K.L.:
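Below you will find the structure I want to go over with you.
Fair warning: this is a prediction, and the values are worked out from it, not measured in the lab.
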Amino acid sequence: MAVEFRVLGDLDVRIDGRAVRIGHARQQCVLAALLVEPNRVVATGQLISRVWGDEVPDGAAATLRGYLSRLRQALACADEVRIVRRHPGYLLAVDPDRVDLHRFRELTEQARRAGDDATAISCLERALGLWRGEAFHGLTTPWLVAYRQTLDRQRLAAALDRNDIALRRGRHARLLPDVLALSSRYPWDERLAAQAMLALYRCGRQADALEHFHRMRHRLAAEIGTDPSPPLAQLYQQILTADAAIAPPDPVGGGEPTATATGGPGAARDAGVPRQLPASPGVFAGRTAQLARLDEQLADVGRPDGAGSPVVISSIGGGGGVGKTWLALRWAHANADRFPDGQLYVNLRGFDPTGDPVGWPVAVRGFLEALGVEPARVPADPQAQASLYRTLVAGRRLLVVLDDARDAATVIPLLPGTPTSAVLVTSRRQLAGLVVTHGARPLPLDVLPDDEARELIVRQVGAARVAEQPDAVAGIVRFCGGLPLALGIVAARAALHPDLPLSSVAAELTTAASPLDALAGDEVTTNLRVVLSRSLAALTPAAAEVFTLLGLAPGPDISRAAAAGLTARTPDELRRPLRELVDAHLVQEHVAGRYRMHDLVRTFAVERAAGDEAGSRSALRRLVDHHLHTAHAAALLLSPQRDPLTLTPAAPGVTVERLDDLAAALAWFTREHQVLLAIIEYAAGNGLDAAAGQLSWTLATYFDRQGHWHDWAAVARRAVEATGRSGDRPAQAQAHRLLAGACSNLGRYAEAQRNLLAALDLFAALGDDEGRAHTHFDLSMLHDRQRQPREALPHARRSLALYERVGSPLKQAVALNAIGWYHSQLGEHHDAITFCRRALALSEQAGSAYGQANTWDSIGFAHHHLGEYAQAVECFQQSLTLFAEIGDRHAEGIVLDHLGDTWAAAGRTDAARDAWRRSLALYEELGHADAEAVRRKLHR
């Protein structure tokens, strides 16, 4: 059966023209992550990252396997498609031509290879016709959002190429609507602006063409303080004077306009051809996507129809040791034949530990010498030298490689003035000014993925040696964290000692006093500590101080607000140092407002902080206070009826985040989930026992509603240990209750009961009736989970009596609902409704959405078993609406399961299956054991 995958719009799969249901959005993301790389293994970790980003749930690998299993089922009738398990991940075996994304790329490549305009424009029109909207529309993982932007740029590039050909062939009238629509979507693209102006002019709309230029000029001046590029300004003058050179050609495509020559003086043509590129890196692995990106970015250089385009600049940015120079030289050598007039290269030594940076005047003089200019003819003034350089390279097809640039100011004087040349720039900084003022196309370079890191080791030490000790190689890859310089140092050490087992090399890494000691090469350029020191030396003192403190922060990343507390600065004061660190690639802003470091860079930062132990402790205490006070406020937004904690004031300099509503609180907990776990570990291990216990309390509601029960159990155990050390018996009793709640959800009922009985003894000794009421209620819930309603009911009644004694109406509502639920479990459904209606009235009076949601579910359950299906459905819908607003996905799954049962009993099979499918999707995302029971209902 013929299969077709369409991703250039909504994800759409068709087999023999029939639409195939792929499942919920997360499952679609799995298919999307495989479709972009057909017939290539995508590692399991990479798949998980693509599907969940930084919010990886517990049991993600198991959930992923479930998604893949259902995808196989959905595609089972398509013989030519298979999802294959192949170490270290999965592979989608399919003809790329069956995927519209790859048909689009193949057609655009055919257009570039075409020898005539007719073939090229036909290919481009077919390629653009595949698009039905935004690629992967509706799927919003961080990876897909970034990938969608890449595809959007490719789509724009194809459209621009199509436009150029259409204008050459006299199709301006037909093109005009499309080019104007594109201009509204991409108002900053000067090549597109030129196409729109030319199409307008050739359609007899000279005034509109001039107005289009004026809008672009005003936009550039107002937003970035610059003028339109010379080619665009020249086109404006040609339109203003009705220059014959831009008159429309014959529409049949034969009368193409003649471009004005842009060649330099004859003397420059007679000069020798410079070949300054250093040797290509002998050991190079991976970077396939980045090399393809450079191919794409520099595809138009030197084309005859590119005379109106600015010089193409690709700026490769990344931290020290990430392989920027290797990538630039590998691409430059592979494409040298595209630049018959030569290649110029200069190492600007912007961060070289062995000497001072090279100024642009020195680089210009070196280029003039390479271009054959006699020393006596070189002007004395540096600006005149730069002018002569641009004159000599004008119109030539040259590649200029500017390596290790410190800043944009060093690069700009070295740029050719005509679009026939290409420029590759590498820098540890982002060079945003070069992007803004000269249209440089940035290519950020990150660490190597595990498979490419392993390939790099294979290239250095040989495949046979790597195959003999895969565990040792995995340890080396893990230690180096994908950093090419680190991998190169270790691999070179292994290559120099061929008789040394790789397990011994791996052991040396882990036994060194510091990871950086293990990566100290014999030369300064291969010593990671020295390389990082040079990056740090280029920072302002404020940025250097922030860098050192960021290395101390527990957890995988840190928010700007938390970093403000850590450094005792306001978020606004911190903005500039953080931007400087990101520009220097010492810190990565991987999500807007969140920052992280490579593990080896973090080690370097921690080493720098070692001399100020008191300052480090104070900074980390502020970080703990930031998370504790913000988490406490967030917990009360999730459950306003919880009894608040009594917190000590936050340390001076702490910034507490403001969270305005439940949605903001839930989003904050989701962002900070892994960080909070790390903060609790730090607090529990460094004498901050009260904070460890209190932080565990703040997370209980979030963990419960999101199904993160393993994490809940882990932090609750820390809380029990911490409160036991501190001797705070009320806090210890609460910690035992927290641990019991997590154990109950995990099915560890005996452990849950031991902790509840311990809590009950502590509350009794303290004379705390409310604490006893809470614990009796928890005991009733524990029995309920074990299908023991008769044992649960006395505890629920005891909790109600105690709540009535202490005067807590909302908690009385909770106990009444529980009593009603247990009556229902015993078959006493009319009694159940009576108790639950009392509970509902109290919950409504107290304004407890959570209490109302639970009670509506209980009432619906009773109506269902009385055969009153319409009333049951209405109750379940009320409960679902409230749980969705609260953000309790686990409870939503339960109620959807109940709703499916009611629809099935009422004979509404389709509605039942829809409710069960939604319930199953939630359970699978949570990794909940009840998923199997719902799955059985769907397959019966």
Side-chain angles (χ1 to χ4, degrees), residues 117 120-121 124 128 156-264 300-312 390 394-395 415-420 436-439:
D117 279 352
I121 197 169
L124 290 169
L128 292 167
L156 174 61
L160 293 173
D161 288 348
R162 184 271 317 268
N163 296 350
D164 282 339
I165 299 172
L167 288 168
R168 284 202 304 272
R169 293 172 64 82
R171 298 181 182 178
H172 39 271
R174 187 189 312 173
L175 180 68
L176 185 58
D178 284 349
V179 80
L180 290 178
L182 278 173
S183 292
S184 65
R185 287 181 57 198
Y186 304 97
W188 295 96
D189 194 294
E190 295 194 57
R191 181 181 172 192
L192 182 58
Q195 292 172 345
M197 290 165 59
L198 191 56
L200 285 165
Y201 173 72
R202 288 179 174 176
C203 288
R205 296 169 58 179
Q206 181 185 31
D208 290 338
L210 297 173
E211 176 60 27
H212 198 89
F213 174 85
H214 288 306
R215 285 198 299 271
M216 171 64 82
R217 184 178 64 185
H218 292 153
R219 188 180 298 116
L220 291 171
E223 297 294 332
I224 58 177
T226 189
D227 292 322
S229 63
L232 194 64
Q234 180 184 355
L235 178 60
Y236 170 78
Q237 290 296 329
Q238 289 177 301
I239 292 173
L240 195 64
T241 59
D243 190 336
I246 61 170
D250 292 337
V252 294
E256 297 181 5
T258 303
T260 304
T262 56
D300 293 339
V301 177
R303 287 177 54 177
D305 58 333
S309 306
V311 61
V312 180
R390 287 191 294 272
L415 300 178
T418 57
T420 53
V436 173
T437 60
H438 286 75

K.L.:
What are the two closest heavy atoms between Ser183 and Ala196, and how far apart are they?
P.N.:
OG-CB, 3.7 Å
K.L.:
Are the side chains of Val179 and Leu167 in contact, using a 4.5 Å heavy-atom criterion?
P.N.:
no
K.L.:
Should Asp208 and Tyr201 count as side-chain neighbours, where that means a heavy-atom distance under 4.5 Å?
P.N.:
no
K.L.:
Can you tell me how far CD of Glu211 sits from CZ of Arg205, rounded to the nearest 0.5 angstrom?
P.N.:
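If we round to the nearest 0.5 Å, Arg205:CZ and Glu211:CD are 11.5 Å apart.
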K.L.:
Which heavy-atom pair separates Ala159 from Leu128 by the least distance, and what is that distance?
P.N.:
CA-CD1, 3.8 Å
K.L.:
Give me the ring orientation class for Tyr236 and Phe213: parallel if the planes are under 30° apart, tilted from 30 to 60°, perpendicular past 60°.
P.N.:
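Ring orientation of Tyr236 relative to Phe213: parallel.
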K.L.:
Is any side-chain heavy atom of Arg390 closer than 4.5 Å to one of Pro416?
P.N.:
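SC-SC contact between Pro416 and Arg390 ruled out.
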K.L.:
Does the side chain of Asp161 come within less than 4.5 Å of Ile121's, by heavy atoms?
P.N.:
no
K.L.:
Looking at Ile165 and Ala120, what are the two nearest heavy atoms and their distance?
P.N.:
CD1-CB, 3.6 Å
K.L.:
Could you tell me whether a side-chain N or O of Glu190 sits under 3.5 Å from a main-chain N or O of Ser229, the two making a donor and an acceptor?
P.N.:
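Yes; judged by distance alone, with no hydrogens or angles, the pair exists.
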K.L.:
Look only at the side chain of Asp243 and the backbone of Ile246, and say whether a donor-acceptor pair between them is shorter than 3.5 Å.
P.N.:
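Looks like no, no N/O pair under 3.5 Å.
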K.L.:
Ala158 and Leu124: which non-hydrogen atoms are nearest, and at how many Å?
P.N.:
O-CD2, 4.0 Å
K.L.:
Apply side-chain hydrogen bond (donor to acceptor under 3.5 Å, both in side chains) to Arg215 and list each qualifying residue two or more places apart in sequence or on a separate chain.
P.N.:
His212
K.L.:
Search all heavy atoms of Arg191 against all heavy atoms of Asp164 and return the closest pair with its distance.
P.N.:
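Taking every non-hydrogen atom into account, NH2-OD2, 2.7 Å.
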K.L.:
Going by an N to O cut-off under 4.0 Å, is there a salt bridge joining Asp227 and Arg217?
P.N.:
no
K.L.:
So, do Gln206 and Leu200 sit near enough that their side-chain heavy atoms are less than 4.5 Å apart?
P.N.:
no
K.L.:
When you measure from the side chain of Arg219 to the backbone of Pro187, do you find a donor-acceptor pair of N or O atoms at a distance under 3.5 Å?
P.N.:
yes
K.L.:
Would Leu156 and Arg185 satisfy side chain to side chain contact (heavy atoms under 4.5 Å, CB included), going step by step from the backbone distance to the final call?
P.N.:
CA-CA 10 Å; Leu156 174 61; Arg185 287 181 57 198; over 6 Å; no
K.L.:
Is any side-chain heavy atom of Leu240 closer than 4.5 Å to one of Leu210?
P.N.:
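Touching, per the 4.5 Å side-chain cut-off.
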K.L.:
Would you mind reporting whether Leu198 and His172 have side-chain heavy atoms less than 4.5 Å apart?
P.N.:
no
K.L.:
Short question: side chain of Gln195, backbone of Leu160 - any donor-acceptor pair under 3.5 Å?
P.N.:
yes
K.L.:
For the residue pair Leu176 and Arg202, establish whether any side-chain heavy-atom pair is separated by less than 4.5 Å.
P.N.:
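When only atoms from C-beta onward are counted, Arg202 and Leu176 do not touch, as no gap falls below 4.5 Å.
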